[in-house]
**Student:** 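Below is one structure. I have some questions about it.
Naming: A, B, ... by sequence-line order, numbering from 1 per chain.
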Amino acid sequence: AQSVTQLDSQVPVFEEAPVELRCNYSSSVSVYLFWYVQYPNQGLQLLLKYLSGSTLVESINGFEAEFNKSQTSFHLRKPSVHISDTAEYFCAYMDTGRRALTFGSGTRLQVQP
Amino acid sequence: GAGVSQSPRYKVAKRGQDVALRCDPISGHVSLFWYQQALGQGPEFLTYFQNEAQLDKSGLPSDRFFAERPEGSVSTLKIQRTQQEDSAVYLCASSLAGGTSYNEQFFGPGTRLTVL
């Protein structure tokens, strides 16, 4: 079965520390990969995406993710987090032949001062 | 407001009642999606429309769930004879184009349904 696994349900981290949110997927077909963010009391927003080409993708607020086909992973990283990064982060994929997104269960990033 | 809007934002229903949840996509967006997000989980796909055509309803959990988009714009998700397990946030998303090439999905704020 196709699925997305986010290994950590919660990640507490101190401000200005680095963070990695892990994501592994299982699919027998080509996929697009995504990270979505949900800030408190807000809707889901696309943070970054991998469609093709360079395996390292970046967001405008300093996050990056690297597509690793051999390990079927798409981990999200940031070298120095801010309080404002506190949110729920969802990894997702889309089968290139379909339109539906398949989401992981989410990782709550809690940045502490 | 140019984003996806959903109404009501909160809905409380007694078990057995029927509910209707509305989604207004971004103007001009061809594709519309419904997802269900249970507490502590990620969203799960329910159904997908391209204009008024429902092209994928593989995620609808039972025949109590029905979605429509009769004029290719506003969509309604209807749940008949609600059960407690239907309690969740129902998310709507829209994207600009149809077809199989990638188009970003823009999500609405969701409707939180609580079935007592």
Side-chain angles (χ1 to χ4, degrees), chain A residues 1-10 21-27 29-53 57 59-60 67 74 76 87-108, chain B residues 1-7 9-10 23-26 29-51 53-60 67 88-112:
Chain A
Q2 301 178 356
S3 66
V4 178
T5 302
Q6 292 184 245
L7 298 172
D8 305 298
S9 60
Q10 294 188 61
L21 307 184
R22 295 179 291 172
C23 172
N24 288 86
Y25 69 95
S26 171
S27 176
V29 298
S30 296
V31 297
Y32 301 135
L33 293 162
F34 309 87
W35 278 97
Y36 279 81
V37 59
Q38 189 169 35
Y39 297 104
N41 301 314
Q42 294 187 30
L44 277 169
Q45 302 172 32
L46 180 64
L47 184 63
L48 48 75
K49 63 182 181 288
Y50 169 78
L51 304 182
S52 64
V57 292
S59 72
I60 60 174
F67 169 53
F74 191 56
L76 182 70
E88 187 93 21
Y89 291 80
F90 293 94
C91 181
Y93 79 80
M94 180 187 293
D95 177 341
T96 57
R98 290 188 71 204
R99 302 299 308 284
L101 288 162
T102 299
F103 287 88
S105 56
T107 297
R108 182 172 298 279
Chain B
V4 178
S5 60
Q6 295 185 244
S7 61
R9 292 293 312 279
Y10 303 90
C23 172
D24 286 83
I26 294 172
H29 276 199
V30 167
S31 297
L32 186 145
F33 306 80
W34 284 99
Y35 293 85
Q36 179 191 58
Q37 186 175 14
L39 187 64
Q41 300 298 317
E44 291 190 3
F45 170 76
L46 294 177
T47 187
Y48 156 59
F49 290 86
Q50 185 171 310
N51 294 306
Q54 190 174 19
L55 299 186
D56 188 343
K57 53 182 181 180
S58 62
L60 294 176
V89 176
Y90 291 85
L91 298 171
C92 177
S94 70
S95 66
L96 181 60
T100 56
S101 59
Y102 171 73
N103 278 265
E104 181 178 347
Q105 294 182 25
F106 295 87
F107 283 82
T111 294
R112 182 178 297 277

**Student:** Check residues 38-49 of chain B and write down every donor-acceptor pair under 3.5 Å in which the side-chain atom is one partner and the other belongs to a residue at least two apart or another chain.
**Tutor:**
residue	atom	partner	partner atom	Å
B/Thr47	OG1	B/Gln54	NE2	2.7
B/Thr47	OG1	B/Asp56	O	2.8
B/Tyr48	OH	A/Arg99	NH1	3.0
B/Tyr48	OH	B/Gln50	OE1	3.1

**Student:** Given side chain to side chain contact (heavy atoms under 4.5 Å, CB included), test A/Phe90 with B/Gln37 step by step and report yes or no.
**Tutor:** CA-CA 12 Å; A/Phe90 293 94; B/Gln37 186 175 14; 3.3 Å; yes
**Student:** For B/Tyr102 and A/Leu51, which heavy atoms make the closest approach, and how far apart are they?
**Tutor:** CD2-CD1, 3.6 Å
**Student:** Considering only heavy atoms, which portion of A/Glu88 lies under 4.5 Å from any heavy atom of chain B: side chain, backbone, both, or neither?
**Tutor:** neither
**Student:** At a heavy-atom separation under 4.5 Å, does B/Phe106 approach chain A through its side chain, its backbone, both, or neither?
**Tutor:** neither
**Student:** Please state whether the side chain, the backbone, both or neither of B/Leu55 comes within less than 4.5 Å of a heavy atom of chain A.
**Tutor:** neither
**Student:** Would you list the atom pairs, donor with acceptor, under 3.5 Å between side chains in residues 41-50 of chain A and any protein atom, with sequence neighbours excluded?
**Tutor:**
residue	atom	partner	partner atom	Å
A/Gln42	OE1	A/Gln45	NE2	3.0

